[in-house]
Amino acid sequence: MKRLLLLCAALVAMVSASAQSEFGAYYDCRLAAHRKAGMPTGAVVWIGDSITEQAWWGFLTKERPLVNRGIGGDNTRGMLARLPEILESSPRKIFFMGGVNDISGNRPVEEIASNIRKMLEMIRQKVPSCKVYVQSVVTPNNEVLAYPYIKNKQPQTRELNARLKAMCDEGLATWVDLTELLHNEQDELREEYTKDGIHLHPEAYVVWVNHLKKMKYLRK
């Protein structure tokens with residue numbers, strides 16, 4: 001624990017010593033940690049925001065090597081900016097989920113979808129052998145949501161998911177619809193799966209990964 005705290009302090013100092021990026025101090029700190037950790041060649045990579053970052057993908061799956069590249073608070077602009085470094089290691093699979101932070105920041109759905117399309121086209125161009133899985137955006141549960149600025153975003157998340165599915169239908173990626181697994185009849189995240197209306201309990205990740213295994217996107 002002491003070693004981890006010292007590492008975090010060193011990374012914060014490293015970020016503070018240089019100009020902070022437009023994506024914020026936490027983004028910069030996590031990106032510095034990712035760079036220090038390095039990336040194995042041919043890994044299974046998870047790209048996303050806090051929903052991705054908070055999962056123990058390596059524990060839940062049997063895929064090796066596996067790398068978690070989620071950053072809490074990240075949006076699709078930030079993901080697009082750091083994608084080229086990830087692709088340098090020629091990942092064999094990428095599982096992507098992103099867009100909810102863009103929506104909470106009132107970015108137009110068209111812009112969000114455009115950023116994701118750029119990412120998918122970049123992957124196809126730079127690592128054509130990589131299998132890409134685009135996972136549907138989680139819709140927050142308004143009844144238990146701890147963050148008022150994310151409330152009442154169902155229309156935007158539905159529109160974004162429709163656009164993402166259409167991209168996958170074009171052949172840019174494999175569509176993974178998590179709504180039937182994680183959403184309730186109101187098309188919001190099930191209350192029993194969330195601790196604050198948006199972030200997930202461990203049980204939700206188990207359901208999520210089991211679905212990926214059932215679909216043979218991951219090893220059983």
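Position 1 is the first residue of the sequence; numbering continues from there. Note that the structure is predicted; figures quoted are calculated from it, not measured.
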> With distance as the sole test, does His201 use its side chain to make a donor-acceptor pair with the main-chain N or O of Tyr193 at under 3.5 Å?
no

> Rounded to the nearest 0.5 Å, how far apart are CD of Glu121 and CE of Met167?
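Glu121 CD to Met167 CE: 8.5 Å, rounded to 0.5 Å.
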
> Taking all heavy atoms of His34 and all of Ile71, pick out the closest pair and write down the distance.
CE1-CG1, 3.7 Å

> Do you see a donor-acceptor pair shorter than 3.5 Å between the side chains of Asp187 and Thr139?
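There is no such pair between these side chains.
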
> Charged N to carboxylate O under 4.0 angstrom, Asp177 versus Lys165?
no

> Would you say Glu143 has more than 12 foreign heavy atoms packed within less than 6.0 Å of its CD?
no

> Which heavy atom of Asp49 sits nearest to which heavy atom of Gly99, and what is that distance?
OD2-N, 4.5 Å

> Report yes or no: does Asp196 contribute a side-chain atom to a donor-acceptor pair with the main-chain N or O of Ala146 at less than 3.5 Å?
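No; zero donor-acceptor contacts below 3.5 Å.
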
> Just how far is it from atom CG of Asn152 to atom CG of Leu145, taken to the nearest 0.5 Å?
9.0 Å

> A side-chain contact here means heavy atoms from C-beta on lying under 4.5 Å apart; do Gln186 and Asn141 qualify?
no

> Is Lys93 atom NZ crowded by more than 12 heavy atoms from other residues, nucleotides or ligands, each under 6.0 Å away?
yes

> Does Asp102 reach the main-chain N or O of Arg107 with its side chain, forming a donor-acceptor pair under 3.5 Å?
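No, the answer is negative, given that no donor and acceptor are paired below the 3.5 Å cut-off.
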
> Where do Arg92 and Glu63 land on the salt bridge (Lys or Arg N to Asp or Glu O under 4.0 Å) test, with the steps shown first?
CA-CA 11 Å; Arg92 61 187 175 90; Glu63 299 281 355; 2.9 Å; yes

> Run the side-chain contact (heavy atoms from CB on, under 4.5 Å) test on Met39 and Glu88 for me, step by step, so that the C-alpha distance in whole Å, both residues' side-chain angles and the decisive distance to 0.1 Å come before the verdict.
CA-CA 9 Å; Met39 175 87 76; Glu88 288 177 3; over 6 Å; no

> Once rounded to the nearest 0.5 Å, what's the spacing between atom CG of Leu87 and atom CD of Glu85?
10.0 Å

> Kindly give the heavy-atom pair with the smallest separation between Gly72 and Tyr26, and that separation in Å.
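Where Gly72 meets Tyr26 most closely, the heavy atoms are O-CD2, 3.5 Å.
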
> Is the shortest heavy-atom distance from the side chain of Asn184 to the side chain of Leu189 under 4.5 Å?
no

> Taking Tyr147 as the starting point, is it possible to reach Val144 by hopping between hydrophobic residues whose side chains are less than 4.5 Å apart?
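No, because Val144 and Tyr147 fall into different hydrophobic clusters, even though each may have its own neighbours under 4.5 Å.
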
> Are the aromatic ring centres of Tyr205 and Trp57 under 6.0 angstrom apart?
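So the answer is yes for these two rings.
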
> In terms of heavy-atom contacts, does CD of Glu170 have more than 12 from other residues, nucleotides or ligands at under 6.0 Å?
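Enclosed: over 12 neighbouring heavy atoms sit under 6.0 Å from CD of Glu170.
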
> Less than 3.5 Å apart, any donor N or O on the side chain of Ser50 or His199 sitting next to an acceptor on the other?
yes

> Out of curiosity, Trp175 CH2 to Gln135 CD, how far, rounded to the nearest 0.5 Å?
9.5 Å

> Is a donor on one side and an acceptor on the other found under 3.5 Å between the side chain of Ser136 and the backbone of Leu178?
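Looks like yes, one N/O pair under 3.5 Å.
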
> Only counting residues at least two apart or in another chain, list the ones meeting side chain to side chain contact (heavy atoms under 4.5 Å, CB included) with Cys130.
Pro91, Ile94, Ile123, Val127, Val132

> Could you go through Asn142 and Glu188, starting from their C-alpha distance and side-chain angles, then the distance that decides it, and tell me whether this counts as side-chain contact (heavy atoms from CB on, under 4.5 Å)?
CA-CA 8 Å; Asn142 281 338; Glu188 297 178 351; 3.4 Å; yes

> Would you indicate whether the side-chain heavy atoms of Thr61 and Arg64 approach each other to under 4.5 Å?
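Heavy-atom side-chain distance check passes, below 4.5 Å.
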
> Do you know which two heavy atoms are closest between Pro84 and Met122, and how far apart they sit?
CG-SD, 3.8 Å

> Below 4.5 Å, heavy atoms only, C-beta onward: do Ile103 and Leu160 meet side chain to side chain?
yes

> Check the pair Val138 / Met97 against side-chain contact (heavy atoms from CB on, under 4.5 Å), numbers first and verdict last.
CA-CA 9 Å; Val138 170; Met97 177 190 279; 4.0 Å; yes

> So do the side chains of Trp46 and Glu53 get within less than 4.5 Å of each other, counting heavy atoms only?
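Of all side-chain heavy-atom pairs linking Glu53 with Trp46, none is under 4.5 Å.
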
> Report yes or no: does Ser89 contribute a side-chain atom to a donor-acceptor pair with the main-chain N or O of Ile86 at less than 3.5 Å?
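Indeed, once roles are kept as given, a pair shorter than 3.5 Å links the two residues.
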
> Under a 4.5 Å cut-off applied to non-hydrogen side-chain atoms, are Ile47 and Thr52 in contact?
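Heavy-atom side-chain distance check fails, nothing below 4.5 Å.
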
> More than 12 non-hydrogen atoms from neighbouring residues, nucleotides or ligands closer than 6.0 Å to CD on Glu110, yes or no?
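For Glu110, atom CD is not crowded (no more than 12 foreign heavy atoms under 6.0 Å).
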
> Which atom names give the shortest non-hydrogen contact between Ala81 and Tyr27, and what distance separates them?
CB-OH, 4.0 Å

> Please determine whether a side-chain nitrogen of the Lys or Arg among Glu22 and Arg77 lies less than 4.0 Å from a carboxylate oxygen of the Asp or Glu.
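Arg77 and Glu22: salt-bridged.
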
> Is there a side-chain contact between Trp208 and Leu200 in this structure, where contact means two heavy atoms from C-beta onward sitting under 4.5 Å apart?
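Side chain of Trp208 against side chain of Leu200, heavy atoms only: contact under 4.5 Å found.
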
> How long is the gap from CG on Leu181 to NE2 on His183, to the nearest 0.5 Å?
10.0 Å

> If you count heavy atoms of other groups shown closer than 6.0 angstrom to CD of Glu203, is the number above 12?
yes

> I want to check something: taking the side chain as every heavy atom from C-beta on, are Leu218 and Lys62 in contact at a cut-off of under 4.5 Å?
no

> Nearest 0.5 Å, what's the CD1-CD distance between Ile112 and Gln156?
8.5 Å

> With Asp74 as reference, evaluate Arg69, Arg30, Arg82 under the salt bridge (charged side-chain N to carboxylate O under 4.0 Å, His left out) test and give the passing residue.
Arg82

> For the pair Asn75 and Val100, evaluate side-chain contact (heavy atoms from CB on, under 4.5 Å) and give the outcome as yes or no after the intermediate values.
CA-CA 8 Å; Asn75 56 37; Val100 69; over 6 Å; no

> State, to 0.1 Å, how close Ile150 and Ser104 come at their nearest heavy-atom pair, and which atoms those are.
CG1-CB, 3.8 Å

